[in-house]
Each structure stands twice: as structure tokens, then as C-alpha cells.
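Single-structure report; data block below.
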Amino acid sequence: MNIRPDQNRLVFSADTLKIDEAAEVDRIVAGLRAQLRSLRKRGLVLGLSGGIDSSVSVALAVRAVGAKNVFCLFMPENDSDPESLHLGRLVAETFGVEAVVEDIGPTLDAMGCYQRRDAFIRELVPDYGPGWASKIVIANALEGDGYNISSLVVQDPAGKQTKLRMPPSVYLGIVAATNMKQRTRKQIEYYHADRLNFAVLGTPNRLEYDQGFFVKNGDGAADVKPIAHLYKSQVYALAGYLGVPEEIRRRPPTTDTYSLEQTQEEFYFSLPYDRMDLCLFGLNNGISADEVGRAANLGAAQVERVWADIAAKRKATRYLHLGPQLVQPVEEIE
């Protein structure tokens with residue numbers, strides 16, 4: 001932390017989240033090795049999206065078990081940004097890991113992922129079909145009190161965008177169909193993990209893990225999650241230390257899930273990751289809204305609204321962290 005000279009006390013700022021990168025890498029690597037021994041697995045499988053979290057995770061995996069014991073998957077589908085595959089390949093080449101393309105588009109098509117999603121969209125936009133694109137966006141928590149309302153944005157073949165409020169049935173239907181993507185990817189990861197006797201590595205950072213920004217039994221499923229304790233800004237710091245290509249470190253975080261380009265704050269978070277990190281850290285560590293606001297360039301009332309949004313998401317997504325619920329514990333395997 002920085003010292004405030006006039007009051008001779010610690011000041012909360014972005015520097016508060018700084019870590020000793022070398023020590024943190026050593027700690028994570030030691031943890032991964034111990035976990036693999038416990039799991040009786042000899043390597044790690046993960047999906048490589050070209051984003052910062054999976055890129056850092058690959059670098060950590062290589063440090064832990066060596067490049068020959070890390071297997072990566074590129075899993076594009078019909079709505080994926082081609083840039084993601086380019087960046088994923090760049091990461092694989094940088095760290096010398098084996099990686100293969102598993103195009104899940106045909107599988108999703110056969111399961112009706114796209115058709116089911118489009119049928120729900122057509123309840124609001126009857127003309128929606130080939131040549132159209134869409135995404136879901138959420139109201140910004142800073143704009144007022146109350147619940148965040150999700151809206152559907154559609155773009156017609158001429159490029160005109162329209163934003164519409166969704167009834168719950170349409171929202172749930174679109175999300176349910178879209179979640180097939182993450183669950184299909186995880187099925188492919190576990191296939192390769194089983195054949196190699198490797199463990200599946202999950203890539204959520206602390207912000208995503210805390211706020212339930214994952215699909216249960218989809219990208220939320222994994223055997224190990226080595227960066228779930230790290231705030232996203234700390235993940236970026238490790239990326240620089242570990243040599244993740246600058247092209248990836250410069251890319252804004254995206255969902256790469258919907259056919260229209262979509263940032264993570266459009267879809268889920270109240271703020272860009274660096275300011276969300278400050279708000280989450282402040283809430284977790286009892287720092288006042290005034291002090292968090294000064295660090296994040298927000299008013300105290302805005303910080304309080306972000307905190308309320310964090311609490312609401314924790315409550316709404318708690319079930320994502322739970323395993324199957326038993327009527328009575330099976331003591332012999334607890």
C-alpha cells in the first residue's frame with residue numbers, strides 16, 4: 001500500500017493489489033504439483049480461448065509439469081471470433097504445448113443449440129434468422145438501485161441494432177441454449193483428460209469465481225483451478241511476468257459467446273475489471289466506500305451500488321458452487 005504522508009497511515013489504491021509475481025508463481029506451481037499427486041494424474045488439459053486467464057493458466061501449467069504434459073484445446077463454434085483461434089495458437093506456440101482444434105459447431109448444431117436459441121429470439125423478433133446476430137446485455141448497476149435487467153440486442157442483415165426487454169422465459173431459454181457451448185467444451189476436455197490420464201484445469205479468476213460468472217458443469221467444472229484466488233488485475237501482472245504475448249495482454253476481456261461482439265461488463269459485471277477488482281477487494285477487506293471510491297474514481301454511493309450488485313450475484317449464483325445435494329451424507333466417502 002501507499003503511505004498517506006499527512007495522516008501517516010495506509011492508503012487504499014490500485015497498488016494494494018500488487019503481488020510478488022515470482023513468489024506467487026512458485027506458490028501456484030507447488031500447489032498444482034501437490035494436487036496432481038493427490039489426484040494421481042500426470043498432466044493437465046485445458047481449453048485455450050486466447051484470453052488472458054487461459055493464457056496465464058497454460059504458462060503456469062508448463063511451469064508445473066513441463067510442456068510435454070500439457071494438452072490444450074481450441075474449441076471454436078459458429079459464433080466464435082476468428083481472432084480467438086489466432087491468439088490461442090499464438091499462446092500454444094509461445095509455451096510449446098501440444099494443441100488441437102475441436103470445432104464444436106457441428107455438435108452444437110446437431111443438438112439444436114442454435115435453433116433453440118433462435119426460436120426464443122423469434123418470440124420477440126419474428127424475422128430473426130440467417131444474417132442476423134444477437135447478444136444479451138445487462139443494465140449497469142451504477143445507473144440506479146434495484147435489480148439489473150437483461151436486454152436482448154439484435155442486429156439485422158443491414159446492420160441496424162435494436163434493444164428489447166425480455167420476459168423471463170425468453171431470457172432463460174436463450175441462456176439455456178447458449179450454455180450448451182460451455183458444457184460441450186467441457187465434455188471434450190474430459191474426453192482428452194481421460195485418455196491421457198491428465199487432470200482438467202479450470203481458468204476462472206477471483207472475480208469470475210466469486211460472482212458466479214461460469215456455467216455449472218460447463219466452464220465451472222474442473223479438477224484444479226489455480227488462479228481462482230487471484231483478482232483479474234493480478235492475473236494480468238502474472239501474464240507480464242510469465243511472458244504471455246503482448247497481443248493477448250492488450251485484448252479487452254470478452255465473452256466470445258454470442259454472435260455480436262460483447263464485453264464482460266456489458267454482459268455481467270458493473271465495471272471494467274480493474275475497478276471491479278478494487279470494489280471487490282474493498283468489500284472483502286472492510287475498506288470504506290469513500291476510500292474505495294477514491295481509488296476507483298467512483299462516488300461512495302456508486303461503490304455502495306456495486307457492492308449491492310456483488311452481494312446479489314453471490315446470492316443468486318451460490319448454487320453454482322454447490323455439489324449434488326444428498327438427503328443424508330454417505331459417511332464412508334466423505
Side-chain angles (χ1 to χ4, degrees), residues 16-19 21 24-25 27-29 31-32 34-36 39 44-61 64 138 141 148 175 178-179 181-183 185-186 189-190 199-239 242 244 252-257 262-285 306-324:
T16 305
L17 275 68
K18 285 187 175 179
I19 56 175
E21 291 93 348
E24 187 60 36
V25 166
R27 184 162 76 105
I28 293 171
V29 165
L32 277 173
Q35 289 164 347
L36 287 175
L39 294 169
L44 293 160
V45 168
L46 70 155
L48 191 49
S49 68
I52 197 73
D53 297 313
S54 64
S55 300
V56 167
S57 296
V58 168
L60 291 167
I138 196 166
N148 286 336
V175 170
T178 303
N179 285 351
K181 299 179 180 184
Q182 286 84 355
R183 292 188 174 116
R185 288 189 175 106
K186 196 57 60 171
E189 289 176 34
Y190 270 100
V200 170
L201 187 153
T203 65
N205 58 65
R206 186 175 190 141
L207 187 58
E208 295 170 348
Y209 188 74
D210 181 297
Q211 292 290 275
F213 187 50
F214 56 85
V215 174
K216 190 164 189 173
N217 296 325
D219 53 337
D223 299 310
V224 295
K225 297 181 178 180
I227 62 171
H229 63 291
L230 294 175
Y231 292 89
K232 185 121 184 169
S233 51
Q234 295 172 335
V235 176
Y236 272 94
L238 286 193
L242 291 165
V244 171
T254 67
T255 63
D256 199 18
T257 298
Q262 178 191 57
T263 65
Q264 288 188 351
E265 56 263 33
E266 271 187 312
F267 180 64
Y268 203 76
F269 297 115
S270 303
L271 296 164
Y273 75 86
D274 51 347
R275 298 164 84 193
M276 276 300 301
D277 277 355
L278 292 169
C279 289
L280 182 60
F281 185 97
L283 178 62
N284 289 345
N285 291 277
V306 173
W307 284 351
D309 189 55
I310 289 172
K313 285 188 171 74
R314 282 175 172 172
K315 182 178 180 181
T317 64
R318 179 177 176 272
Y319 81 98
L320 296 176
H321 293 277
L322 299 176

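Fair warning: this is a prediction, and the values are worked out from it, not measured in the lab. Residues: numbered from 1 along the sequence shown.
- Atom-to-atom distance recorded for F269:CZ and L280:CG is 9.5 Å, nearest 0.5 angstrom.
- L39 is listed as a side-chain neighbour of V224, based on a closest heavy-atom distance under 4.5 Å.
- What you find for V29 and A64 is that their closest heavy atoms are CG1-CA, 3.7 Å.
- Between A222 and L201 the shortest heavy-atom distance is CB-C, 4.1 Å.
- The closest side-chain heavy-atom distance from I52 to P253 is not below 4.5 Å.
- Listed for the Q234 side chain is a donor-acceptor partner under 3.5 Å among the backbone atoms of L17.
- Listed for the H321 side chain is no donor-acceptor partner under 3.5 Å among the backbone atoms of G212.
- The salt bridge (Lys or Arg N to Asp or Glu O under 4.0 Å) check on D256 picks up nothing, with sequence neighbours excluded.
- Taking the ring pair (Phe, Tyr, Trp, His ring centres under 6.0 Å) definition, one finds that Y273 meets it with Y236, sequence neighbours left out.
- Of the possible donor and acceptor atoms, one in the side chain of K313 sits under 3.5 Å from a partner among the backbone N and O of Y268.
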Decide side-chain contact (heavy atoms from CB on, under 4.5 Å) for E208 and T203; before the verdict, give the C-alpha distance in whole Å, the side-chain angles of both, and the deciding distance to 0.1 Å. CA-CA 9 Å; E208 295 170 348; T203 65; 5.8 Å; no
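- Residues forming a side chain to side chain donor-acceptor pair (under 3.5 Å) with T255 (at least two apart in sequence, or on another chain): Q262.
- Rounded to the nearest 0.5 angstrom, S55 OG and L238 CG are separated by 12.5 Å.
- How far CG of L44 is from CG of L32: 6.0 Å, rounded to the nearest 0.5 Å.
- Shown are D210, D53, D274; of these, the salt bridge (Lys or Arg N to Asp or Glu O under 4.0 Å) with K232 is made only by D53.
- Scanning for side chain to side chain donor-acceptor pair (under 3.5 Å) contacts around K181 gives E77, D79, with sequence neighbours left out.
- T178 approaches Q182 most closely through the heavy-atom pair O-OE1, 3.2 Å.
- Annotation: side-chain hydrogen bond (donor to acceptor under 3.5 Å, both in side chains) contacts involving residues 214-225, sequence neighbours excluded, comprise Y190-D223.
- Between G202 and P204, the shortest heavy-atom contact is C-CD, 3.3 Å.
- For the pair A237 and E21, the tightest heavy-atom approach, listed with the atom from each and the gap, is CB-OE2, 3.7 Å.
- In this structure, F214 CZ and T317 OG1 are separated by 6.5 Å, a value rounded to the nearest 0.5 Å.
- For L283, the side-chain contact (heavy atoms from CB on, under 4.5 Å) partners at least two apart in sequence or on another chain are W307, I310, R314.
- The side-chain contact (heavy atoms from CB on, under 4.5 Å) test applied to R27 returns E24, H229, not counting sequence neighbours.
- Taking CD1 from I19 and CG from L230, the interatomic distance works out to 5.5 Å, rounded to the nearest 0.5 Å.
- From L271, atom CG reaches atom CG of L278 across 9.5 Å, with rounding to the nearest 0.5 Å.
- For S49, the side-chain contact (heavy atoms from CB on, under 4.5 Å) partners two or more places apart in sequence, or in a different chain, are S54.
- S233 pairs by the side chain to side chain donor-acceptor pair (under 3.5 Å) definition with D277, not counting sequence neighbours.
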